[in-house]
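Contents: one structure, followed by commentary.
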Amino acid sequence: MIINTFISDGGPIPEYTNVSLRQARKTNPDEDIRFICKDDQKIFNELDIMWVPQDSINSNLLERFNKICWFKKHDTPHTSYPSPDLFWHRTAERIYYLEAYITENNLENVFHFENDVLLYGVLDLVPACNLMMVLPMSRNKTTFAFSHIPESKHIRKVCQYFNWLLSVYGEQQLTQHLQDHVSEMSLLHMAFKE
């Protein structure tokens, strides 16, 4: 099963997401694909993708994250193209939507990949593993770019850890420890390192 997300205030999903979904369906024609977002999209019907309304999902972990998250207007420092408001907040928030949906529906063996990732193989060929699989990206970042979640307890533990980090440490202290700005990639790196 594939579950992807695009958490927003509504409107169309980006064109690159349509390309990613077309490729996923092409390489995995029989896979159950679900997509969490604000509004239904024409491509979902075309590709036999189940739309999961973002507003239908809620959890204590998600509510807690939105109360304690202090990087809502945080952009990437030292870049030519600063991130838009809520960019880093939303990239982290989507993991909570994913966790809530997987937990609520007691789903197993879920693949998640980011909306700019293209699949070139059949997911049935990915070796089975009873641990959550994510990808290292750099010396201080780990990414959900392509991930496998065998059971809800794994992603729930990650979200609980994120909430703990954000509630215990302030921005300056966490940024200094991570040696980077705070994002779901730096938090995920810390979670899997520790």
_Would Tyr97 and Val52 count as a side chain to side chain contact (heavy atoms under 4.5 Å, CB included) here? Give the steps._
CA-CA 10 Å; Tyr97 278 93; Val52 179; over 6 Å; no
*Take Leu119 and Lys26, measure what side chain to side chain contact (heavy atoms under 4.5 Å, CB included) needs, and give me the verdict at the end.*
CA-CA 9 Å; Leu119 297 183; Lys26 178 181 175 185; over 6 Å; no
*Can you run down the salt bridge (Lys or Arg N to Asp or Glu O under 4.0 Å) pairs that involve residues 46-60, sequence neighbours left out, and say none if there aren't any?*
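Sorted pair list: Arg22-Glu46, Lys38-Asp55.
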Could you pull out all donor-acceptor pairs under 3.5 Å where a side-chain atom in residues 104-112 meets a protein atom, sequence neighbours excluded?
{"residue": "Asn105", "atom": "ND2", "partner": "Tyr101", "partner atom": "O", "Å": "2.9"}
{"residue": "Asn109", "atom": "OD1", "partner": "His148", "partner atom": "NE2", "Å": "3.4"}
{"residue": "His112", "atom": "ND1", "partner": "Phe144", "partner atom": "O", "Å": "3.4"}

Joint hydrophobic cluster, [X] plus [Y], side-chain heavy atoms closer than 4.5 Å:
| X | Y | answer |
| --- | --- | --- |
| Ile2 | Leu118 | no |
| Met133 | Leu123 | yes |
| Met132 | Trp164 | yes |
| Val19 | Val117 | no |

So which heavy atom on [X] is nearest to which on [Y], and how close?
| X | Y | answer |
| --- | --- | --- |
| Asn58 | Glu63 | ND2-OE2, 3.0 Å |
| Trp51 | Cys37 | NE1-O, 3.1 Å |
| Arg25 | Ile49 | NH2-CG1, 4.4 Å |
| Glu99 | Cys159 | CB-SG, 3.8 Å |
| Leu21 | Ile13 | CD1-CD1, 4.2 Å |
| Val158 | Phe192 | CG2-CE1, 4.1 Å |

Distance-only donor-acceptor pairs under 3.5 Å for side chains of residues 149-156, two or more places apart:
{"residue": "His154", "atom": "NE2", "partner": "Asn130", "partner atom": "O", "Å": "3.2"}
{"residue": "Arg156", "atom": "NH1", "partner": "Thr103", "partner atom": "OG1", "Å": "3.3"}

Nearest 0.5 Å, what's the [atom1]-[atom2] distance between [X] and [Y]?
| X | Y | atom1 | atom2 | value |
| --- | --- | --- | --- | --- |
| Arg34 | Ile3 | CZ | CD1 | 6.0 Å |
| Leu98 | Asn4 | CG | CG | 8.5 Å |
| Glu114 | Ser20 | CD | OG | 10.0 Å |
| Leu187 | Leu165 | CG | CG | 6.0 Å |
| Phe35 | Asp40 | CZ | CG | 11.5 Å |
| Met50 | Ile36 | CE | CD1 | 9.5 Å |

Would you say [X]'s side chain and [Y]'s backbone share a donor-acceptor pair under 3.5 angstrom?
| X | Y | result |
| --- | --- | --- |
| Asp39 | Gly11 | yes |
| Glu93 | Asn66 | no |
| Asn28 | Gly121 | yes |

*Could you tell me whether the side chain of Tyr96 reaches within less than 4.5 Å of the side chain of Ile57, counting heavy atoms only?*
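The answer is no, as the side chains (C-beta and beyond) never meet within the 4.5 Å cut-off.
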_Intermediate values then yes/no, side chain to side chain contact (heavy atoms under 4.5 Å, CB included), Tyr120 and Gln23_ = CA-CA 7 Å; Tyr120 289 97; Gln23 182 68 16; 3.5 Å; yes
*asked:* Testing the 3.5 Å rule here: is there a donor-acceptor pair between the side chains of Asn163 and Gln160?
replied: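 Distance-only check fails for Asn163 and Gln160.
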